[in-house]
Amino acid sequence: MPTSSPRVIYWFRTDLRLHDSPALIHALSLSPSILYPIWTWDPYYVYHSRIGSNRWKFLLDCQNNLSASLTALNPKSKLFVIREAPQTLFPKLFKAWGITHLVFEKDTDAYARERDGRVIELAREAGVEVIVKPGRTLYDSDELVKENKGKPTMSINQVQAAGAKIGDIPRPLLAPKSLPDPGETDLDFKQERPNRDHDANSNPRKEIENTYSALAGPNGDFAVPTVAELGIQEASTPHRGGETIALKILDEIVADSDYTATFEKPKTAPTAFEPQATTLLSPHLHFGSLSCREFYWRVQGVVDKYKGKASQPPTSLTGQLLFRDMYFGAQASLNYSFRQTYNNSQCRFIPWHLPSEIDSKSGLITGKYHIDNQEALEWFTRWREGRTGFPWIDALMRQLKQEGWIHHLGRHAVACFLTRGGCYVDWERGAEVFEEWLIDHEAACNIGNWQWLSCTAFYSQFYRCYSPIAFPQKWDKEGKFVRRYCPELATFDAKYIYEPWKAPIADQKSWGCLIKGDGEQNEEGKFMVYPNPMFDFPERRDICIRAMKNAYSVGLYGDDPRVVDGSWRKLFNNAAEDLTEGNDGPPEGEWS
DNA sequence: CCGGCGGTTGACATT
DNA sequence: GAATGTCAACCGCCG
């Protein structure tokens, strides 16, 4: 094999950037004669991950921006988007393009490990050398787990201790200044099209989907697909993707040394919009249009020079990145069980409503759920659609759906409300909604935060419960945020903005909006209509706290044999009004 | 094995 | 208006 002039494929996945990409820099250090920067459309991504139209758009923004940056370095180059599953594409591609090396950034989620393991195997069979470099997190997640005595990182303390053993967080690398030519791009092999019998994205896909029309796309030019090609609805988010934008946002943040050095997450306002109180860099970290180490060291540089008193992890800006590493470490260690309660050694078992259906063969969640309680289903539906009758919750859910982003504390509020602090619905239901709608959806962080907020892992102070009335008042007494996202309440007196059902009917009429019904009705005559609250919150809070206390005293975790075989039901009192009854739930169909 | 303390982001009353 | 204490009482961590 002519390794003297390597012909390299650089496989972009969750690292859509040129700055600080250890894997890309390594690929270039091979002095390739030929370099193909490619993306492959993985059917697992296209049909099995929940991706709303806003996140699709953000991804395409990132791909377009990256492709333009590659072309700026070499007019012959670009991001070559190939429409086939990597597991079937690569053997054909290695042969067709005479490839000697395949380089990509390490990914440690359960599916990615499986996929990449297969690709590495295929490369070995083809005599292609594979180089994998970590770069997605501050620390290599596997190394972090290893230094945490081989256990999942479940507290920020553990991350800091394990991180200290690993050593300094790598300094960012410069973007390449030149790029080798790509070789010939003929593809004289047959495209293998994926089976489309399942489509997790039928929701955002309201048009004809044509992702796999041809290997190099409809025009045969390997172009980044359009929204129309993917069949996705137009995005409603104002947030835009791409490395150029990410670096500009970062520049603006670090230019404000007070903001950067004294940032304390719990003090930032979840009610702030235009501009938001936090950085909005999370979607860029997800798609890799910003390197987390670039972010870390740029912020640390400001902190080191700062004359005043700087904030410290975990509440500081760099602390936020440590939490991200914590969740990646837990995910890397627990693999498929991380994303579910069932079989998860770290996740408490709580007999929530609407529990996940479990595939009895694999022990994995199927994406469907049991409807054990009609009232809980109605509450979940109203929560999802932003018509709970609690303006703070509804405003957040509407912002989430429209813009694909809500403030971290807003996520706390709606997650607590759906699970342990209101509806007593399974955190996995909430995580699925966030998975679809968030532009910054990062499986590790989303799952970890849902476990945190539902007090099933990472956190356990279930008696600290967010009030949909008191909590937002800490930042926004006037209710400006609610008025923006629930415009039917725009003219309500601040006194009633978080509990409009308390406003006298005469006032409701003079403010043009009646408080009634369940949110199905939007207007009545000349009046707008906003729903009544779907339950009495203080009552629900008490019921939930009591039920949590009981479930904690039973003390089961997801991998307990009694959870696995369904006999957990005997440990809960079915007759009590404490939401501990379980007529339905895991494991699927095996408890009777 | 114990007790005390702190835990990214509670609510409410009091100072 | 900010800071502190109390509520009831969870866990992980440290000595």
Side-chain angles (χ1 to χ4, degrees), chain A residues 138 148-149 151-164 261-272 276-279 282 296 299 303 310-327 329-330 345-350 390 392-393 396 406-417 419-422 445 448-478 481 498-499 536-557:
Chain A
L138 298 178
N148 190 43
K149 299 170 190 160
K151 293 189 175 124
T153 42
M154 302 305 290
S155 75
I156 204 67
N157 224 324
Q158 292 171 0
V159 172
Q160 287 177 300
T262 65
F263 180 96
E264 287 179 78
K265 188 68 156 280
K267 290 188 180 168
T268 59
T271 53
Q276 289 88 346
T278 50
T279 66
S282 51
Y296 181 93
V299 168
V303 169
S311 54
Q312 295 294 314
T315 55
S316 65
L317 264 185
T318 55
Q320 308 313 303
L321 296 168
L322 293 173
F323 278 107
R324 185 170 171 274
D325 265 48
M326 177 181 81
Y327 292 133
S345 62
Q346 304 299 310
C347 185
R348 279 179 184 281
F349 174 79
I350 312 280
F390 295 95
W392 167 235
I393 301 297
L396 286 163
I406 54 177
H407 186 278
H408 189 68
L409 294 179
R411 301 182 195 197
H412 280 215
V414 298
C416 179
F417 186 88
T419 59
R420 66 179 167 88
C445 302
N449 276 317
W450 273 94
Q451 292 178 0
W452 182 300
L453 264 302
S454 62
C455 288
T456 49
F458 301 101
Y459 187 75
S460 54
Q461 290 170 262
F462 55 77
Y463 46 88
R464 291 196 174 172
C465 183
Y466 292 85
S467 159
I469 293 115
F471 187 66
Q473 286 181 330
K474 187 170 158 189
W475 296 275
D476 188 7
K477 280 253 192 285
E478 286 300 310
F481 177 80
Y498 294 112
E499 34 191 353
D536 179 84
F537 176 75
E539 191 182 284
R540 288 298 308 171
R541 176 185 53 205
D542 291 349
I543 290 170
C544 287
I545 289 176
R546 221 166 51 236
M548 290 297 290
K549 194 178 153 163
N550 183 56
Y552 263 64
S553 74
V554 173
L556 298 175
Y557 282 80

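First the proteins, then the strands, lettered A, B, ... as listed; each starts at 1. Excluded from the calculations below are hydrogen atoms, water molecules and symmetry mates; all remaining heavy atoms, backbone and side chain alike, are included.
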Point to revise | Separation of B/dA13 P from A/Lys474 NZ (nearest whole Å) | key: 16 Å

Practice item. Give the rounded distance in Å between these two atoms: CD of A/Gln461 and C1' of C/dA9. Key: 9 Å

Review point. Heavy atoms under 4.0 Å, any strand shown: does A/Glu264 hit a base, just sugar-phosphate, or nothing?
Key: nothing

Point to revise | Pairwise 5' ranking along DNA chain C for A/Arg464 and A/Tyr552, keeping only the more 5' one | key: A/Arg464

Review point. For A/Phe263, does its backbone N or O pair with a side-chain atom of A/Ser311 as donor and acceptor, under 3.5 Å?
Key: yes

Check your understanding: Counting side-chain heavy atoms from C-beta on, which of B/dG10, C/dC13, B/dT8 comes nearest to A/Ile156?
Key -> B/dT8

Exercise for review: In whole angstrom, give me the gap between the P atoms of C/dG5 and B/dC5.
Suggested key: 13 Å

Review point. A/Arg541 has an atom CZ; how far is it from atom C1' of B/dC12, in whole Å?
Key: 10 Å

Check your understanding: Which nucleotide in the list C/dC10, B/dA11, B/dG10 gets nearest to the side chain of A/Tyr459?
Key -> B/dG10

**Study point:** Span that lies between the P atom of C/dA8 and that of B/dC2, in whole angstrom
**Key:** 25 Å

Review point. Among B/dT9, C/dC11, C/dA9, which is the nearest nucleotide to the side chain of A/His408?
Key: B/dT9

Exercise for review: State whether the side chain of A/Asp542 and the backbone N or O of A/Arg546 hold a donor-acceptor pair below 3.5 Å, judged by distance alone.
Suggested key: no

Check your understanding: Which listed nucleotide (B/dT8, C/dC10, C/dG12) is nearest to the side chain of A/Phe323?
Key -> B/dT8

Review point. How far does the C1' atom of C/dA9 sit from the matching atom of B/dG7, given to the nearest Å?
Key: 13 Å

Exercise for review: Please state how far atom CZ in A/Phe458 lies from atom C1' in B/dG6, giving the value in whole angstrom units.
Suggested key: 19 Å

Review point. Between the side chain of A/Thr153 and the main-chain N/O of A/Ala330, is any donor-acceptor distance below 3.5 Å?
Key: yes

Check your understanding: Does any N or O in the side chain of A/Glu264 come within less than 3.5 Å of the main-chain N or O of A/Leu317, such that one atom is a donor and the other an acceptor?
Key -> no

Review point. Which of these nucleotides, B/dC12, C/dA9, C/dC13, is closest to any side-chain atom of A/Lys549?
Key: C/dA9

Point to revise | A/Gln158 side-chain N/O to C/dC13 phosphate OP1/OP2 under 4.0 Å | key: yes

**Study point:** Nucleotide nearest A/His412 when distance is taken to its side chain, options C/dG12, B/dT8, B/dT9
**Key:** B/dT9

Practice item. Take atom CE of A/Met548 and atom P of C/dC11, then tell me their distance rounded to the nearest Å. Key: 11 Å

Check your understanding: Under 4.0 angstrom, heavy atoms only, what part of the nucleic acid is A/Trp475 near: base, sugar-phosphate, or nothing?
Key -> nothing

Revision key, fill the gap. In whole angstroms, the gap separating P of B/dT8 from CG of A/Asn157 amounts to 8 Å

Review point. Which part of the nucleic acid, if any, lies within reach of A/Arg348 when heavy atoms closer than 4.0 Å are counted: base, sugar-phosphate only, or nothing?
Key: sugar-phosphate

Review point. For atom CD of A/Glu478, is the number of surrounding heavy atoms from other residues, nucleotides or ligands below 6.0 Å larger than 12?
Key: no

Check your understanding: Looking only at side-chain N and O atoms, does A/Ser460 come under 4.0 Å of OP1 or OP2 in B/dG7?
Key -> no

**Study point:** Sub-4.5 Å side-chain heavy-atom contact between A/Ile393 and A/Tyr466
**Key:** no

Point to revise | Whole-Å P distance, B/dT8 and C/dT6 | key: 23 Å

